[in-house]
Amino acid sequence: MSHPPDRGVSRRSFLKGSAIAGIATTGLTAAAEAAELHRPPSELGPGEHEITLSINGKARLVKVETRTTLLDALRDRLDLTGAKKICDRGACGGCTVLVDDLPVNSCLMLAVDAVGCELRTVEGLADPADPKATHPLVQNFVACDALQCGFCTPGMVMSSLSCLERRGTPTEAQMRHDLSGNLCRCGTYGRVMEAIERTAKGEGGGR
Amino acid sequence: MRPFTYVLPTSLEQAAEAATQPDTIVKAAGIDIVDRMKERLVTPQKVVNLLPLKRELSQIAEQNGEVTIGAMVTLTQLQEAKQLQGRAYDGLRRAASTTGTPQVQNRATVAGNLLQFTRCWYVRSEAFRCLHGGRGPTCLAMTGDNRYHAVMGWSDCVRVHPSNLAPALLALGAEYTTRAGEAVRRRKLADLFPADPRAQNPEHTLEDGEIVTALHLPAQPADTRLGYAESREKQSFDWATTACAVRVVMAGGKITAADLVLGAVGPVPMAKPQAAQLLVGKEPSEKLFLRVAEAAFAGATPLAFNAYKLPIGKAVVRAALEEATR
Ligand SMILES: Cc1cc2nc3c(=O)[nH]c(=O)nc-3n(C[C@H](O)[C@H](O)[C@H](O)COP(=O)(O)OP(=O)(O)OC[C@H]3O[C@@H](n4cnc5c(N)ncnc54)[C@H](O)[C@@H]3O)c2cc1C
Ligand code: FES
Ligand code: FES
């Protein structure tokens with residue numbers, strides 16, 4: 001599949017391949033349809049190409065190679081440096097972002113695999129231009145002093161957010177489970193759970 | 001990671017055909033393979049991405065008691081599947097739930113978990129030249145730091161098979177279906193692992209370009225229970241140091257059939273039919289479980305730094321049995 005370099009790849013043409021997209025619009029006969037299905041699959045790379053990622057509700061164009069991880073695309077190409085690159089091997093959780101509402105390690109996901117997914121990063125929880133719009137969970141991280149060096153925090157916030165969204169009012173066991181993919185060397189887990197609890201109770205900033 | 005061409009199939013047919021090209025690998029979520037590509041242990045020219053086939057390959061269905069699990073079902077989906085909530089699947093859900101981290105489980109696929117590469121730190125490091133894959137003259141773990149390595153079933157390479165799901169699926173008598181070109185084949189899951197796991201043998205018996213499409217769990221008799229227990233150094237982020245899945249069928253307070261499979265102690269998952277046979281016709285008891293645990297590790301030959309796996313592994317067998325017969 002060849003793309004004009006300045007055009008984004010939509011979910012449909014990207015995942016389904018242009019062959020399938022063509023069928024819908026041109027209404028091929030059964031024989032032609034069968035021929036279409038036997039066309040070779042679409043290919044990308046190895047060089048750079050442009051893809052569209054949906055990040056924090058906005059469509060973002062980004063140039064990546066097939067080997068670019070989602071984490072590198074976010075940090076190096078889109079200047080979204082919230083997600084941290086610590087181990088780059090799925091072994092710390094510092095790079096946690098939400099993909100279709102579930103926390104994943106963006107260091108082990110290829111950026112091209114994120115096309116068509118709804119991505120959320122920690123940047124989506126605050127707006128520098130409007131401090132009042134800061135997500136209550138982030139306010140509670142601050143209020144509970146739920147960070148020390150702060151390096152694990154963006155990932156920790158995203159796992160906490162998913163915990164709250166999926167469970168409403170999580171039990172301690174559920175919080176422990178949901179935070180078990182985020183390493184914190186400063187040992188902030190207790191306060192992170194406090195921040196989650198306060199958010200679940202509907203409390204915002206201020207202790 | 002070396003640059004590669006990414007192949008995006010729109011059908012299984014296309015994927016199966018593309019996968020047979022030279023210097024080509026297939027990829028599911030990529031949790032294992034991306035890691036190995038970063039280490040440059042795998043440097044393919046082409047990667048066939050199975051994710052576009054996710055809809056087709058991530059169904060779970062039950063028919064006449066047989067449960068079919070699509071190869072791309074994630075470990076999170078496996079735990080939540082309504083077809084897998086009964087006691088016969090307790091151990092399978094538990095094995096999925098202790099795998100790595102929630103982040104890993106949210107993406108890792110069932111087939112990818114079974115087909116993941118060994119965790120041996122010599123094999124997985126570009127810096128070491130060991131016998132595995134013919135990179136060097138000897139198995140470096142045999143005489144090196146082998147604390148996480150095999151205590152049984154090895155000949156010239158002491159790697160262990162790291163998959164959590166493998167013992168549980170094997171104890172349930174699972175089968176798997178593959179697609180290679182036009183050919184569809186269904187075999188016993190035990191056949192996926194080499195009978196003679198030598199350094200030169202790949203971790204699995206798939207042919208080049210063969211794609212796993214589904215796992216099948218046969219219908220289980222009434223009151224079947226699957227127990228699963230494991231030891232690990234950390235409660236998350238880690239692989240098991242020993243694991244045991246045990247399937248028992250109960251009737252009138254007695255065990256009428258049993259299967260027992262150990263994980264993380266040999267180069268392939270280790271079925272222990274003789275140990276399991278000791279359970280049949282008996283009432284569960286602490287004494288019986290002790291005998292079964294001893295039998296499961298009978299003849300084990302630990303290396304310099306992994307003798308701990310024997311007592312811990314036996315305790316894990318008993319824990320799995322207790323869970324299954326509770
Ligand atoms: C921090 C961490 C901790 C972990 N802990 C554990 C643990 O405790 N227990 C455990 O079992 N695992 C553990 N894992 C490993 C993880 O479960 C596997 O990496 C994952 O399941 C691989 O699945 P995948 O879909 O990403 O496979 P991929 O990485 O995409 O593929 C893995 C291999 O399988 C092949 N493959 C995949 N799908 C198919 C198919 N359908 N047909 C043919 N070949 C296929 C690929 O070619 C590749 O060789 C851990 C991983 C991390 C990062
Ligand atoms: S950087 Fe991704 S898990 Fe550590
Ligand atoms: S706050 Fe320092 S690592 Fe978590």
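Residue numbers begin at 1 in each chain, while the letters A, B, ... track the order of the sequences.
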Review point. What are the residues of residues 226-245 of chain B, in order of number, with any heavy atom under 4.5 angstrom from a heavy atom of chain A?
Key: Ser236(B), Phe237(B)
Review point. Looking at CD of Gln116(B) and NE2 of His204(B), how far apart are the two atoms once the value is rounded to the nearest 0.5 Å?
Key: 11.5 Å
Exercise for review: For His132(B) and Glu203(B), test the side chains for any donor-to-acceptor distance below 3.5 angstrom and give the result as yes or no.
Suggested key: yes
**Study point:** Aromatic centroids of Trp121(B) and Phe128(B) separated by under 6.0 Å
**Key:** no
Exercise for review: Flag the one option from Thr96(A), Leu179(A), Asp88(A) with the top tally of heavy-atom pairs under 4.5 Å to chain B.
Suggested key: Asp88(A)
Point to revise | Contacting region of Thr68(A) [heavy-atom separation from chain B under 4.5 Å] | key: neither
Review point. Does the distance from a Lys or Arg side-chain N to an Asp or Glu carboxylate O, for Arg185(B) and Glu207(B), drop under 4.0 Å?
Key: yes
Practice item. Cation-pi check, Arg36(B) to Phe117(B): give yes when NZ or CZ is under 6.0 Å from the six-membered ring centre and within 45° of the ring axis, no otherwise. Key: yes
Point to revise | Test: Arg135(B) and Glu126(B) ion pair at under 4.0 Å | key: no
Exercise for review: Before accepting this row, confirm whether a basic side-chain N of the pair Asp101(A)/Arg166(A) lies closer than 4.0 Å to the acidic partner's carboxylate O.
Suggested key: no
**Study point:** Contact origin within Cys92(A) toward chain B - heavy atom pairs under 4.5 Å
**Key:** backbone
Practice item. Please look at Ala29(B) and chain A and tell me whether the side chain, the backbone, both or neither of the residue comes under 4.5 angstrom of a heavy atom of that chain. Key: backbone
Exercise for review: Using a cut-off of under 4.5 Å on heavy-atom pairs, state which of Pro103(A), Ser159(A), Gly45(A) scores highest against chain B.
Suggested key: Pro103(A)
Point to revise | salt_bridge(Asp90(B), Arg93(B)) N-O dist < 4.0 Å | key: yes
